> 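I have a structure I would like to understand better, so I am pasting it below and will then ask my questions one at a time.
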Amino acid sequence: MKHKICILGTRSSFLKTVNSSGIPYVYLGPTKKLNFEVKGEFVEYNGSFPQSEKEASSFVAKFKRELEGVSLVIASGEGTVVSANLLRVALGLPAYQEQVINACSNKLFMKRLLTEASIPMTKFLGSDEVSHMSEVYKVLGGKVVAKELNNSGGKGQTVLIAPAEWEMRSDILFEGFIIGKEMSVESFVQNGEIKFQSTTQYFEKGVVNIVPSHYESELVSQAIDLNKKVLDAIGIKNGLTHLEVYLTDNGILFGEIALRPPGGYIMDLIELSFGVDPWQMYLDIHLGKELNIEKEKREFSAAMILHPGAGKCMEIEGQAYLETVPTIKLQRIKGKVGQTFSVRDGVSQEKAHFIFHSSNYGDLEKDIVGVRENFKFIMEK
């Protein structure tokens, strides 16, 4: 079957993969300079994507010419999963079931559905169940996390400690605070079967990701088992999933799941560590092209994502040190001396990132620690 793809989201790596496939495509979003010859149609669009069936119908009508002949709508990242599915429905294309989309985009629906499936997780409350913070603290304890239902990557999250007040809104999930290590499981699912999966260690939450994770094998096995139970409970048959779990003294607890490529440079790390092409695999799942994957290697890769917080940058310390680190394969320093940085409101915001790679985990860890100690943005006091 010949395809024409509509791409939602600005993940340049996926755009490059689709571009090199030779398949006709249309990209709707903010256009930007890319380091390849564009073979598809780029349409400048800076508005919001549909969040309802009515909005999807209007969107299709507005871009009738551009969407003519489209046979696949693919979300390339966070924030476009729901919109992509609404457009599939509006265009009369195969779409995910409503339960699958809701369970992978609405945190409260997700938690309630998986509680019924006996998936272990921290206690939680929806803001529709309470009228005052005192009720939240009474049920969840004196330290809770307030999360916006449709955000991920740390966006819209606030830690509250009793007796702190909070303006009750309809789009909030409250969770009991969890103490423990964190990791994720990335699964490429096709026809109900996990064809390839990898685990990510949150070596330093929001700062350093390592692929594959280097936790005890029993913990990793438990996380993989929990991942399979979650996928089955939701009914995910095709797609790329990103499941986050907590490793606590009371066992492994479910965090959340997303039906999209992960952020934090995890896709790059999967490619480096295993010698596979995760973006091509993601495309092939949507194309219905059978995945036959063998792990050609198993090495270690890490991404360090830095943001010093809000303020004026006075100095960048340790740039010469970076040149002495053998496992660094890529470095990007975006922040500049004299710039004023805004508040970091999510993991995706950064002022520098580094990619490490080694066949030896010990060497990788040593260099990560060294860079954290020696490279710094010195901010105005």
Side-chain angles (χ1 to χ4, degrees), residues 1-53 55-96 100-101 104-105 150 152-153 186 188-190 236 238-242 258-268 270-271 277-289 291 348:
M1 176 182 177
K2 291 186 177 181
H3 286 287
K4 178 182 177 182
I5 299 172
C6 172
I7 303 171
L8 299 186
T10 57
R11 300 290 288 273
S12 59
S13 293
F14 184 60
L15 287 171
K16 188 172 183 179
T17 296
V18 176
N19 189 75
S20 63
S21 71
I23 300 172
Y25 68 90
V26 56
Y27 163 78
L28 298 170
T31 58
K32 55 185 178 179
K33 293 180 180 179
L34 298 170
N35 60 351
F36 56 84
E37 181 184 354
V38 174
K39 299 178 181 178
E41 181 179 5
F42 275 57
V43 180
E44 182 70 29
Y45 177 70
N46 293 295
S48 58
F49 289 109
Q51 295 298 312
S52 68
E53 292 182 7
E55 290 178 3
S57 296
S58 298
F59 191 90
V60 169
K62 180 178 181 178
F63 294 102
K64 182 178 180 180
R65 181 190 65 80
E66 291 84 356
L67 296 175
E68 183 71 32
V70 164
S71 57
L72 291 171
V73 182
I74 305 179
S76 70
E78 178 188 348
T80 56
V81 174
V82 172
S83 300
N85 209 57
L86 286 167
L87 288 181
R88 292 181 194 115
V89 174
L91 291 168
L93 304 175
Y96 287 110
V100 172
I101 290 296
C104 295
S105 60
N150 299 308
S152 62
E186 285 68 48
F188 293 79
V189 187
Q190 189 171 53
I236 298 173
N238 291 282
L240 169 54
T241 60
H242 170 66
L259 184 61
R260 58 168 175 78
Y265 299 99
I266 292 174
M267 296 289 272
D268 302 78
I270 290 174
E271 181 173 5
D277 186 341
W279 286 112
Q280 184 63 51
M281 291 156 59
Y282 182 59
L283 175 60
D284 287 345
I285 288 173
H286 285 279
L287 293 172
K289 184 178 178 180
L291 299 184
S348 62

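Keep in mind that this is a model prediction, so the values were computed, not measured.
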> What I want to find out is whether Glu66 reaches Lys4 closely enough, with some N-O distance under 4.0 Å, to be called a salt bridge.
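No.
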
> Report yes if some heavy atom in the side chain of Arg88 is under 4.5 Å from a heavy atom in the side chain of Pro94; otherwise report no.
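Not touching, per the 4.5 Å side-chain cut-off.
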
> Quick one: does any side-chain atom of Asn85 pair with a main-chain N or O of Tyr96 as donor and acceptor, under 3.5 Å?
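Looks like yes, one N/O pair under 3.5 Å.
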
> Please report the interatomic distance CZ(Phe188) to CG(Leu291), rounded to the nearest 0.5 Å.
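Answer for the CZ-CG pair, Phe188 versus Leu291, is 8.5 Å.
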
> Are any of the side-chain heavy atoms of Leu283 and Ile5 separated by less than 4.5 Å?
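Yes, at least one pair of side-chain atoms sits under 4.5 Å.
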
> Looking only at the aromatic ring of each residue, does the gap between the centers of Phe63 and Tyr45 stay below 6.0 angstrom?
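Yes; Phe63 has its ring centre under 6.0 Å from that of Tyr45.
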
> Just by distance, do the side chain of Thr80 and the backbone of Ser83 share a donor-acceptor pair under 3.5 Å?
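No, Thr80 side chain to Ser83 backbone: no donor-acceptor pair under 3.5 Å.
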
> Has Asn19 got a side-chain atom pairing as donor or acceptor with Lys39's backbone, closer than 3.5 angstrom?
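Between the backbone of Lys39 and the side chain of Asn19 there is a qualifying donor-acceptor contact (under 3.5 Å).
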
> Report yes if the side chains of Pro262 and Leu240 come closer than 4.5 Å at any heavy-atom pair, otherwise no.
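Yes; the side chains approach each other to less than 4.5 Å.
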
> Determine whether Glu186 and Thr241 satisfy the following criterion, side chain to side chain donor-acceptor pair (under 3.5 Å), listing intermediate values before the conclusion.
CA-CA 6 Å; Glu186 285 68 48; Thr241 60; over 6 Å; no

> Given the side-chain rings of Tyr282 and Phe14, with only the six-membered ring counted for Trp, is the space between their centroids under 6.0 Å?
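Yes - the distance between ring centres of Tyr282 and Phe14 falls below the 6.0 Å cut-off.
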
> Tell me, do Pro50 and Leu87 make a side-chain contact under 4.5 Å, heavy atoms counted?
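A side-chain contact under 4.5 Å exists here.
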
> Are the side chain of Ser21 and the backbone N or O of Val18 linked by a donor-acceptor pair below 3.5 Å?
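Indeed, once roles are kept as given, a pair shorter than 3.5 Å links the two residues.
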
> Any donor and acceptor pair, going by atom type alone, linking the side chain of Ser76 with main-chain N or O of Leu8 inside 3.5 Å?
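Yes; at least one donor-acceptor contact below 3.5 Å.
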
> Just wondering, more than 12 heavy atoms not from Glu53 lying within 6.0 Å of its CD?
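Check fails, neighbour count at 12 or below.
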
